[in-house]
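Heads up: the structure comes next, in structure tokens.
Chain letters run A, B, ... following the sequence lines, proteins first and then strands; every chain starts at 1.
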Amino acid sequence: MDITILYGTETGNAEMLAEDVQSALEDAGHEVLVENLSDVAPADLDVSRLHLVVCSTYGDGELPASAQPFGEAMKDAPDLSGLRFGIFGLGDSEYETFNMGSQQIEEMLVAAGAERIGERVTHDASGDDMAEDVALPWAEAVVEAVGADA
Amino acid sequence: MRKVAIIGAGPSGCFTAQGLLKARPDWQVDVYDSLPVPYGLVRYGVAADHQGTKGIARQFERVFERQGARFFGNVTLGREVTLEQMRAAYDAVVLATGLAGDRVPELVDDGATPEGMIGAGALTRALYDHPDAGDLPDIGGHVVILGNGNVSVDLLRLLAKSESELEGSDLSPRATKWLTSRRIDSLTIVGRSAAELAKFDPVMIRELAKLQAVTIRVADLPEGEMTDAGQEKLLSALCEIDGLSTGPLPITFRFNMPLQSIETKDGKVTGLVAGRDGAESEHLPCNALVTAIGFCCDGRLGRDAVMSGAEDAEAGRIAEGLYAAGWFRRGPRGTIPENRADSLALAAKIVGDLEATPETSRAGHDGLGLTCETVDHAGWQRLDAIEKAQAMAGRCRTKIPTRSDMLRLAQKIEELK
Ligand SMILES: Cc1cc2nc3c(=O)[nH]c(=O)nc-3n(C[C@H](O)[C@H](O)[C@H](O)COP(=O)(O)O)c2cc1C
């Protein structure tokens with residue numbers, strides 16, 4: 001399957017995770033591109049590829065720095081009907097605005113007509129799990145759901 | 001293959017290594033630290049009750065585990081090895097040693113620090129088991145924290161927490177006992193600027209609303225609306241916690257109060273005088289004064305002279321083959337994200353600079369002829385595993401507090417046949 005992983009990060013954790021997910025999916029035989037949301041405009045999204053979004057939360061429930069231009073551009077979003085995406089959030093339950101960054105991205109994409117595959121899954125930096133232990137099963141499940149559909 | 005030495009394994013040094021190896025996976029990047037253990041302020045500066053923020057250490061583990069960087073702990077530049085030796089052995093040397101000195105109020109003569117006064121950096125290191133830290137001071141009674149930045153808020157929050165609120169942190173039994181057995185009558189946080197100009201992160205102010213045994217008052221708030229969104233956000237956070245009452249410990253925020261003098265009796269702090277010129281200055285009695293007014297060079301590496309002679313200080317280039325990163329370069333400003341961005345930009349600059357010059361053969365680490373005991377990344381992983389395994393109940397880690405134990409325990413124990 002052709003898959004694009006998009007990450008939004010402030011301190012690099014989401015980027016590292018995106019790369020982990022990339023290697024796991026490549027090992028499973030998929031063709032995977034990884035891009036920073038800072039380098040992507042909504043109009044560039046290729047609806048023929050499955051998109052996996054990995055995004056943290058910063059400040060006070062805000063998008064992390066690298067996702068902010070994308071978030072701005074989504075205010076004037078093109079029609080994204082046909083785009084299928086899975087979403088994974090990084091956050092910290094010490095903050096009341098837990099994982100609101102990934103939630104914002106999810107809502108923006110859905111509002112523009114994209115279809116979310118599976119539930120949004122989150123990682124808690126204050127919890128005991130390693131991010132990749134939560135994210136790899138998420139990614140596999142999303143890919144499987146899309147594969148079963150095809 | 002180019003060889004780069006990074007001096008300082010704190011966040012700026014590690015992000016520089018990460019950026020270099022991402023761009024040039026075949027380069028040899030060696031990260032040195034004067035401590036036997038890596039990660040600098042992530043380990044000894046980020047608050048013990050903000051473990052989530054320390055999660056970036058996992059990225060740094062990868063830099064050593066997968067990206068091929070090497071760690072050499074327990075090597076102090078200027079002691080075991082000179083800067084000239086480093087520069088001869090490597091194509092580039094990056095100074096990322098941070099700023100470990102506490103700025104002291106100008107009205108205190110050096111060497112005449114009264115009893116009851118301590119710098120935030122020194123206190124933080126003592127609380128977080130830094131091997132070179134002094135003893136935890138005997139502070140209590142009415143405590144004033146001078147300075148309106150996030151370091152002040154971290155200390156305020158820790159001093160205000162009760163035992164159960166420290167759960168999940170990596171505070172040692174000794175630090176826990178110190179924090180929870182102090183008899184603190186009041187905590188006052190005093191800053192020179194107006195409330196809206198304070199350097200607090202509004203999110204950290206709002207975090208104080210979770211404290212379980214405090215009564216918070218925010219004095220000196222301005223009247224009217226702010227036009228600047230950032231200032232408005234901070235003021236609304238301060239207004240939100242004003243009046244909060246969950247218990248007996250009084251916490252007071254004061255603004256517009258530049259320090260005028262520190263009062264002492266028999267060499268002990270008894271109070272301070274603060275206030276704006278012209279306006280009436282106020283006398284604030286206190287038994288302890290924690291200064292959190294910024295960090296400076298502690299004298300090592302002659303940082304101020306090095307940086308003032310830099311070819312391009314903005315870009316982090318000091319001279320050919322010599323660079324500066326993080327707080328060493330930019331001064332004690334900026335949190336992890338800004339310093340990460342700086343380090344990644346510096347890594348790109350180093351790659352460009354080095355590739356514009358013909359390759360010469362350098363000896364790298366082996367050319368230094370180090371004779372001191374060093375700790376490599378595998379040694380650090382052993383220490384890390386021990387610290388996690390020996391964590392006390394309610395703690396995620398219990399640090400090894402001395403250099404000698406670190407050095408001893410980092411050695412691989414030969415398996416018994
Ligand atoms: C200053 C700061 C603010 C944060 N704010 C939030 C927040 O509002 N909500 C949340 O769920 N996580 C928050 N986090 C936690 C981060 O999302 C979490 O540490 C994540 O792993 C960072 O990933 P990144 O390095 O890709 O940006 C915050 C972290 C910091 C240091």
Is A/Asp128 atom CG crowded by more than 12 heavy atoms from other residues, nucleotides or ligands, each under 6.0 Å away?
no

Pick one of side chain, backbone, both or neither for A/Thr97, based on which atoms fall under 4.5 Å of a heavy atom in chain B.
neither

Inter- and intrachain pairs under salt bridge (charged side-chain N to carboxylate O under 4.0 Å, His left out), touching residues 389-398 of chain B, at least two apart:
B/Asp384-B/Arg397, B/Glu387-B/Arg397

Near A/Asp76 CG, under 6.0 Å, is it more than 12 heavy atoms from other residues, nucleotides or ligands?
no

Residues of residues 153-167 of chain B contacting chain A, heavy-atom criterion under 4.5 Å, by residue number:
none

Do other residues, nucleotides or ligands put more than 12 heavy atoms under 6.0 Å from A/Met1 CE?
yes

Please check if the number of heavy atoms outside B/Lys199 that lie under 6.0 Å from its NZ is greater than 12.
no

Considering only heavy atoms, which portion of A/Asp92 lies under 4.5 Å from any heavy atom of chain B: side chain, backbone, both, or neither?
side chain

Taking all non-hydrogen atoms of both residues into account, name the closest pair between A/Asp20 and B/Arg66 and its distance.
OD1-NH1, 3.6 Å

Mind ranking B/Arg62, B/His50, B/Glu207 by heavy-atom pairs under 4.5 Å with chain A and telling me who comes out on top?
B/Arg62

Let me confirm one number: the CD-NZ distance from A/Glu19 to B/Lys22, rounded to the nearest 0.5 Å.
3.5 Å

Could you tell me which residues in residues 51-59 of chain B have at least one non-hydrogen atom under 4.5 Å from a non-hydrogen atom of chain A, sorted by residue number?
B/Gly52, B/Thr53, B/Gly55, B/Ile56, B/Arg58, B/Gln59

Can you name the nearest heavy-atom pair linking A/Thr11 to B/Phe15, along with the distance?
O-CZ, 3.5 Å

Salt bridge or not between B/Lys210 and A/Glu96? Use side-chain N to carboxylate O under 4.0 Å.
no

Going by residue number, which parts of residues 51-68 of chain A are within reach of chain B, meaning a heavy-atom gap below 4.5 Å?
A/Tyr58, A/Gly59, A/Asp60, A/Glu62

